[in-house]
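The structure displayed is predicted, hence computed values, not measured ones.
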Amino acid sequence: MNHVHDVLGVGIGPFNLSLAALAEPVSDLSVAFLDTKPEFSWHAGLLIEGTTLQVPFLADLVTMIDPTSRWSFLSYLREHERLFPFYFAEKFHISRREYDDYCRWVADSLPSCHFGRHVTAVRWDDAEQVFHVQAEDVRTARRESWAARTVVLGVGTEPVVPEALRGLPDKEAFHASSYLERRESLRDAEDVTVIGSGQSGAEVMLDLLRGRESTGRRLRWLTRSPAFAPMEYSKLGLEHFTPDYTRYFHSLPQPTRDRLVPTQWQLYKAGSAGTLAAIHDELYESSVGGQPPDVRLMPNVAVTGAERTADGIELACRHVEQDRAFDVRTERVVLATGYAAHRPACLDPLADFVDRDEHGRYRVDDEYRVALSGEIEGRLYVQNAEMHSHGVGAPDLGLGAHRSAVILNSVTGREVYPLPRRTAFTTFGVG
């Protein structure tokens, strides 16, 4: 049998990379992490110049659990002789580009991270009491077999295209996740529509506004949300992104959780106040001289259908509050319609053993362990596929290190990393 790893991670995004970084100094723990990509990359299509993280630089891979770690963002700056420039820059929120470069530095430095490995199947071997993970080297097509007692899924999320917008020509309508790759295709379009008012939609809209003078194009921004509202960023509001709130949310009945998450859209689906302010500034400047810009911002608009016509793309829309239908004709559509948890095909061999709820979602305990049937003694954990069980903090970078530490403590059965007992001033429940 191959060497048996204590932990094998499938996918190397920021969250499994955090787990790899925190596991590195644990000498009695054997870990490996596999990813299909040839190298680390994070939302490459949205690394628009000038965009920043919505969380402080302290929300790196390790600092909120171990600020002395060699894999902290400050260590990255020291390694690249950039500590003094960063000190003088006085930046609390770093650029997306710099965060991507920081993560790439960590991934390239950790021997446990293996890129160019496409995981095709995860199977349980009852005789050997291990998971066998089948992978293919994407460069050589050579098949590999890895063995582990614990598997951690960090396959991330995938772009969501609402059913009403599927079937549009790919050259004329695309998800914002590939915006930078496709931006050139918008240059000759006279009419562009952005759908979705989260941070990605706001960043795309701002970028299009800044390039509008050279193109003269008409721009339109549609969202079914009731307003182009900023992300909740008050100090007490941010306490929803603490382990205290995560524990409280997990203690609630599932029907209550399902009702609660959609009401919290400003905690995780809105744009930053700074980006929205910059959009307003662009609109204001372009209105100097009395000529209003040919730009329409419309909240409360649900897109109910779309089709390609001889004149371009026709969107069937409905104003939610007025309950009035209308059509929009446009040449290009950028879909800033969000992401959803990815259900990896590699888990198909375990389909009969993974316990799911009535909506097909993993049942996840408070240590991020997925419920498996009693026939499997191995452990399966998940990162960023548990908003339904752990709340709006699941995709938040600021909670990534804490979740990794919880998983490591659970896997080892000891307190590898001490966890804070209280992280919020707010008391979320009565006991």
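- The environment of NE2 in H280 is sparse: at most 12 heavy-atom neighbours from other residues, nucleotides or ligands sit within 6.0 Å.
- Counting heavy atoms of neighbouring residues, nucleotides and ligands inside a 6.0 Å radius, atom CZ of R356 exceeds 12 of them.
- Across all their heavy atoms, Y233 and P56 have their closest contact at OH-CD, 4.2 Å.
- The nearest pair of heavy atoms linking H3 to S30 is NE2-OG, 2.9 Å.
- Residue L297 comes nearest to M205 through the heavy atom pair CD1-CE, 4.3 Å, listed as atom of the first residue, atom of the second, then distance.
- The only option from F57, Y102, F86 that meets the ring pair (Phe, Tyr, Trp, His ring centres under 6.0 Å) definition with Y76 turns out to be Y102.
- With sequence neighbours excluded, no residue forms a salt bridge (Lys or Arg N to Asp or Glu O under 4.0 Å) with R332.
- Counting all heavy atoms, side chain and backbone alike, I313 lies closest to A173 at CD1-CB, 4.4 Å.
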Could you please spell out the steps behind the salt bridge (Lys or Arg N to Asp or Glu O under 4.0 Å) verdict for E282 and R210? CA-CA 7 Å; E282 290 292 329; R210 285 173 170 166; 3.6 Å; yes
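- Taking both residues in full, the closest heavy atoms of E239 and Y245 are given as O-CB, 3.6 Å, listed atom of the first, atom of the second, then distance.
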Ring pair (Phe, Tyr, Trp, His ring centres under 6.0 Å) between F228 and W221, intermediate numbers included: CA-CA 10 Å; F228 293 101; W221 194 12; 4.3 Å; yes
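- Not counting sequence neighbours, the partners of R247 by the salt bridge (Lys or Arg N to Asp or Glu O under 4.0 Å) test are D244.
- Screening residues 166-180 for side-chain hydrogen bond (donor to acceptor under 3.5 Å, both in side chains) gives E172-R308, H175-S177, Y179-D207 as the qualifying pairs, with residues at least two apart or on separate chains.
- Each of Y248, Y368, F249 was scored for a ring pair (Phe, Tyr, Trp, His ring centres under 6.0 Å) with H390, with one residue passing: Y368.
- Under a 4.0 Å N-O distance rule, the pair D191/R217 does not qualify as a salt bridge.
- Look at R70 and E24 and you find a salt bridge, because one of the NZ, NE, NH1 or NH2 atoms lies within 4.0 Å of a carboxylate O, short of that distance.
- Side-chain atoms of T275 and Q199 form a donor-acceptor pair, as typed in the model, at a separation below 3.5 Å.
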Pair D100-R104, salt bridge (Lys or Arg N to Asp or Glu O under 4.0 Å): steps then yes or no: CA-CA 6 Å; D100 178 71; R104 192 187 306 271; 2.9 Å; yes
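- Only one option out of W71, F73, Y99, F40 pairs with W105 in a ring pair (Phe, Tyr, Trp, His ring centres under 6.0 Å); it is W71.
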